[in-house]
> 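A single structure is presented below for examination.
Just so you know, these numbers come straight off a predicted model, no measurement behind them. One is the number of the first residue; the rest follow in order along the sequence.
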Amino acid sequence: MGDRTTLRTTDYALLGVLAKGGAMSGYDAKAYIEASISQFWSESFGQIYPALERLRRSRLVCCRADADSPRSRKVYEITDAGREVLAAWLARPPEPERPRSESILKT
């Protein structure tokens, strides 16, 4: 994925988490989100791990094996390019939110 314009909101959320919280695993990122922004934002493991891989392929995060972990835990860290992309995204106005309503959907 060389085209960074195709990043998803989840990707930007994870860049922000890594910029603020430092290097962490996908599990740690989920815990960080739950502890800090879960009142208005959520991400599932099914969103986090593919997003981290997209960001790694785009060189917006780097990944290393955690030497202290008995399992092959991967730790991700935002790169300088990732910080630049995050800063550019933060400078743009938010996209309009699309309301979702299950009760209206059912009607």
Side-chain angles (χ1 to χ4, degrees):
M1 181 175 101
D3 183 10
R4 293 183 181 155
T5 60
T6 59
L7 291 180
R8 301 170 187 171
T9 310
T10 295
D11 302 327
Y12 292 114
L14 287 168
L15 288 173
V17 164
L18 294 172
K20 186 76 174 164
M24 61 182 75
S25 68
Y27 181 86
D28 295 335
K30 172 78 167 141
Y32 187 94
I33 289 167
E34 290 295 320
S36 61
I37 60 174
S38 64
Q39 299 82 8
F40 56 89
W41 197 261
S42 65
E43 297 291 350
S44 69
F45 287 118
Q47 294 167 302
I48 290 171
Y49 286 106
L52 288 171
E53 181 57 22
R54 278 193 304 277
L55 294 169
R56 186 196 62 76
R57 284 193 320 263
S58 294
R59 296 189 173 108
L60 301 178
V61 303
C62 58
C63 177
R64 62 178 164 75
D66 183 356
D68 296 331
S69 175
R71 299 181 344 179
S72 58
R73 183 175 103 127
K74 294 179 182 177
V75 175
Y76 297 86
E77 190 168 3
I78 191 169
T79 63
D80 289 341
R83 289 182 191 284
E84 289 175 17
V85 167
L86 177 62
W89 178 73
L90 290 171
R92 291 195 309 261
E95 293 290 324
E97 293 189 36
R98 296 177 189 105
R100 294 173 54 121
S101 170
E102 183 181 349
S103 55
I104 292 175
L105 176 64
K106 288 180 176 182
T107 60

> Please determine whether side-chain contact (heavy atoms from CB on, under 4.5 Å) holds for the pair L52 and M24, giving the CA-CA distance in whole Å, both sets of side-chain angles, and the decisive distance to 0.1 Å.
CA-CA 11 Å; L52 288 171; M24 61 182 75; over 6 Å; no
> Heavy atoms only: give me the nearest V61-L18 pair and the separation to one decimal.
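Answer, listing the atom of V61 first, then L18: CG1-CD1, 3.6 Å.
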> Would you compute the distance between atom CG of L90 and atom OH of Y12 and round it to the nearest 0.5 angstrom?
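Rounded to the nearest 0.5 Å, the CG-OH separation comes to 9.5 Å.
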> Using only atom types and a distance under 3.5 Å, with no angle test, would you say the side chain of S25 pairs donor to acceptor with the backbone of K74?
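No.
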> Which other residues belong to the hydrophobic cluster containing V75, where Ile, Leu, Val, Met, Phe, Trp and Tyr are joined when side-chain heavy atoms lie under 4.5 Å apart, directly or via other members?
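So far as hydrophobic clustering goes, V75 is joined with none.
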> About how many Å separate CG of L14 and CG of L60, when rounded to the nearest 0.5 Å?
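Between atom CG of L60 and atom CG of L14 there are 11.5 Å.
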> Once side chain to side chain contact (heavy atoms under 4.5 Å, CB included) is applied, do any residues pair with A19, and if so which ones, sequence neighbours excluded?
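In terms of side chain to side chain contact (heavy atoms under 4.5 Å, CB included), with neighbours along the sequence ignored, A19 is linked to I78, R83, L86.
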> Can I get a per-line list of side-chain donor-acceptor pairs under 3.5 Å for residues 39-47, giving both atom names and the distance, sequence neighbours left out?
residue, atom, partner, partner atom, Å
W41, NE1, E43, OE2, 2.6
E43, OE1, T10, OG1, 2.8
E43, OE2, T10, OG1, 3.1
S44, OG, G46, N, 3.3
S44, OG, Q47, N, 3.2
S44, OG, Q47, OE1, 3.3
Q47, OE1, S44, N, 2.7

> Show every salt bridge (charged side-chain N to carboxylate O under 4.0 Å, His left out) that has at least one partner inside residues 98-107, sequence neighbours left out.
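Listed once each, the pairs are E102-K106.
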> Out of curiosity, does W89 fall in the hydrophobic cluster containing I33 (side-chain heavy atoms, cut-off under 4.5 Å, transitive links)?
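In one cluster: yes.
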> Any side-chain heavy-atom pair from L55 and L7 closer than 4.5 angstrom?
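L55 vs L7: side chains touch.
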> Please list, chain by chain and in numerical order, all residues satisfying side chain to side chain contact (heavy atoms under 4.5 Å, CB included) with I104, sequence neighbours excluded.
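I104 satisfies side chain to side chain contact (heavy atoms under 4.5 Å, CB included) with S101, T107 once adjacent residues are dropped.
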> Where do C62 and T79 come nearest, in terms of heavy atoms and distance?
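Closest pair (atom of C62, atom of T79, distance): N-CG2, 3.7 Å.
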> So, taking the atom named CZ in R56 and the one named CD in E77, what distance separates them when rounded to the nearest 0.5 Å?
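Here the rounded value is 15.0 Å.
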> Among all residues two or more places apart in sequence or in another chain, which pass the salt bridge (Lys or Arg N to Asp or Glu O under 4.0 Å) test with K30?
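Per chain and number, K30 pairs via salt bridge (Lys or Arg N to Asp or Glu O under 4.0 Å) with E34.
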> Kindly indicate whether the side chain of V85, heavy atoms from C-beta on, has any atom under 4.5 Å from the side chain of D11.
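No, side chains not in contact.
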